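The model shown is predicted, which means the values in this text are computed figures rather than measured ones.
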Amino acid sequence: RDRESMGGARRAPVRKLLTRPGLICTALIAIALVGQACAQQDTWAGVERIVAVGDVHGDYDQFVRTLRAAEVVDGKNQWIAGKTHLVQIGDILGRGTESRKVMDLVMGLEPQAAAAGGAVHALIGNHEAMELLDDWRYVHPDDMKTYGGEEGFRNALSAQGKYGQWIRRHNTVIKVNDLVFVHAGLAPPFARLSLPVINKAIRYELLRGDKEGIAAHADGPLWDRSLALDDEGRVAEELAGTLKTYGANRMIIGHTVSHDGVVARAGGRLIMIDVGLAKLYGGPAACLVVEKGIFYEVRHPKLKRKLQMEAPAKRPAETPAGSAGWGDRGSPCVPVAIAP
């Protein structure tokens, strides 16, 4: 499904990957040593406005155009969005030439948003995982130069480096109101795992340098394209169960370019926001904006289009706190085995 492969990325027996007890114990000890990873928030409620931006791929100018069109930043790239939650769906890195500049902007917006009562959520994508795990095939030579060359690039993305530390603190999947945000998609059997388990496991893998865990798995949340490409009826049926697990109504994904801009499929259960905004793909500077439950595509300079959902997603049964999916036994720090 994906022409980008990540060395160890493979369709290993996922059930075995998720259930080996010895590895669960090892991961439990390791994640306990990570510290703050166990306390990372991944769910927010009562958010009136959400702006979700797809894959940036180091295109600073297009990213800025998108943020300005959505009235997230002003002409000086300062936060003006108040209590808005900005979600960047992953893949700031890879292919483009100004990833460092993009990260500096996002890092600068984080405290500004927090001070205004909003938030910035920069999720981990497959290109973040690749580059942190030393797979640099999609790193543009000119991008590497902005870090001072290969050595500077390696140091910056290391576990001790400015950008490496920042990325490794991030979530892979979050829930804002009734929306689940993830880079590529959550499909079975990974969709049985709770959000905290997925997030902790991938943060641990990127810290440890594990190239054979969830972050690298071809069917995992950073790589899988089945929700974007498979038959819509099957996807809608699959998502009905997945979303019920998380007490959500819709899933928002990037990773797979939509040449029609921001689109909803599978009866409105799935929204695709990778519009190919980087010049490499020739797409528009556009993003998803959710205002009081209404979904729009906003496109530079000032175009706003209401999304036509085929049907409203049915509200699933509420999921009790602490029981969102297999693998979460009520402990705040229960990890999942992450090696085949």
Side-chain angles (χ1 to χ4, degrees), residues 27-44 47 50-53 55-56 58 63 79 85-94 99-116 118-135 147 153-176 180-184 186 193-211 213-216 220-222 254 328 331-336 338:
L28 175 60
I29 294 169
I31 291 180
L33 296 175
V34 174
Q36 67 174 5
C38 295
Q40 184 88 4
Q41 184 176 357
D42 54 33
T43 301
W44 292 262
V47 178
I50 303 166
V51 174
V53 180
D55 307 33
V56 177
F63 183 52
W79 183 268
H85 279 227
L86 169 65
V87 182
Q88 199 288 310
I89 207 80
D91 280 7
I92 285 176
L93 301 181
S99 67
R100 183 174 189 173
K101 199 172 178 181
V102 174
M103 287 192 288
D104 284 339
L105 174 57
V106 177
M107 293 167 77
L109 291 176
E110 287 176 329
Q112 296 177 38
V120 175
H121 311 287
L123 304 187
I124 295 170
N126 63 300
H127 280 271
E128 279 75 39
M130 291 174 78
E131 295 190 21
L132 266 58
L133 295 174
D134 296 326
D135 184 343
Y147 296 84
F153 182 75
R154 184 182 301 279
N155 290 337
L157 293 185
S158 72
Q160 295 75 41
K162 173 183 176 181
Y163 303 104
Q165 288 188 48
W166 181 68
I167 293 170
R168 286 174 174 88
R169 291 197 300 266
H170 291 167
N171 286 315
T172 295
V173 54
I174 63 174
K175 180 184 171 188
V176 184
V180 171
F181 294 84
V182 62
H183 180 66
L186 274 177
L193 301 176
S194 70
L195 304 190
V197 166
I198 295 170
N199 288 324
K200 294 168 199 167
I202 290 182
R203 283 196 292 269
Y204 167 59
E205 291 170 12
L206 297 183
L207 182 67
R208 192 179 72 164
D210 184 351
K211 299 180 181 180
I214 296 175
L222 304 185
D328 188 347
S331 166
C333 290
V334 176
V336 61
I338 52 176

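Nearest approach of A215 to L222, heavy atoms of both residues: O-CD1, 3.6 Å. H183 approaches I89 most closely through the heavy-atom pair ND1-O, 3.1 Å. Of all non-hydrogen atoms in G164 and L132, the two that sit nearest each other are O-CD2, 4.4 Å. Minimum interatomic distance between W79 and A119 (heavy atoms only, all atoms of both residues): CH2-O, 3.9 Å. Contact detail for L195 and K175: the closest heavy-atom pair is CD1-CB, 3.9 Å.
For the pair K211 and D134, the minimum side-chain heavy-atom distance is below 4.5 Å. Proximity of D42 to V173: side-chain heavy atoms (C-beta onward) are nowhere separated by under 4.5 Å. The closest side-chain heavy-atom distance from P221 to T172 is below 4.5 Å. I92 is not listed as a side-chain neighbour of I167, based on a closest heavy-atom distance of 4.5 Å or more. Residues I198 and L186 meet the side-chain proximity criterion, which asks for heavy atoms closer than 4.5 Å. V182 places none of its side-chain heavy atoms less than 4.5 Å from the side chain of L123. Contact check for K162 versus M107: side-chain heavy atoms found under the 4.5 Å cut-off.
Side-chain N or O atoms of Q40 include none that pairs as donor or acceptor with a backbone N or O of K200 at under 3.5 Å. Side-chain atoms of E205 come within 3.5 Å of backbone N or O of I214 as a donor-acceptor pair. Side chain of R168 to backbone of L157: a donor-acceptor contact under 3.5 angstrom is found.
We find the CG-CD distance between D91 and E131 to be 9.0 Å, quoted to the nearest 0.5 Å. A distance of 13.5 Å separates CG of L207 from CD1 of I202, quoted to the nearest 0.5 Å. With rounding to the nearest 0.5 angstrom, the CG atom of D135 is 4.0 Å from the CE atom of M130. If you take CE on M103 and CD on Q88, they are separated by 11.0 Å, rounding to the nearest 0.5 Å. Distance CG/L105 to NZ/K101: 9.5 Å, rounded to 0.5 Å.
A donor and an acceptor atom, one from each side chain of H121 and N171, are nowhere located under 3.5 Å apart.
Residues forming a side chain to side chain donor-acceptor pair (under 3.5 Å) with Q112 (at least two apart in sequence, or on another chain): Q78. In this view, H170 and W166 satisfy the ring pair (Phe, Tyr, Trp, His ring centres under 6.0 Å) rule, not counting sequence neighbours. Among residues two or more places apart in sequence or in another chain, the ring pair (Phe, Tyr, Trp, His ring centres under 6.0 Å) test is passed with Y163 by Y147.
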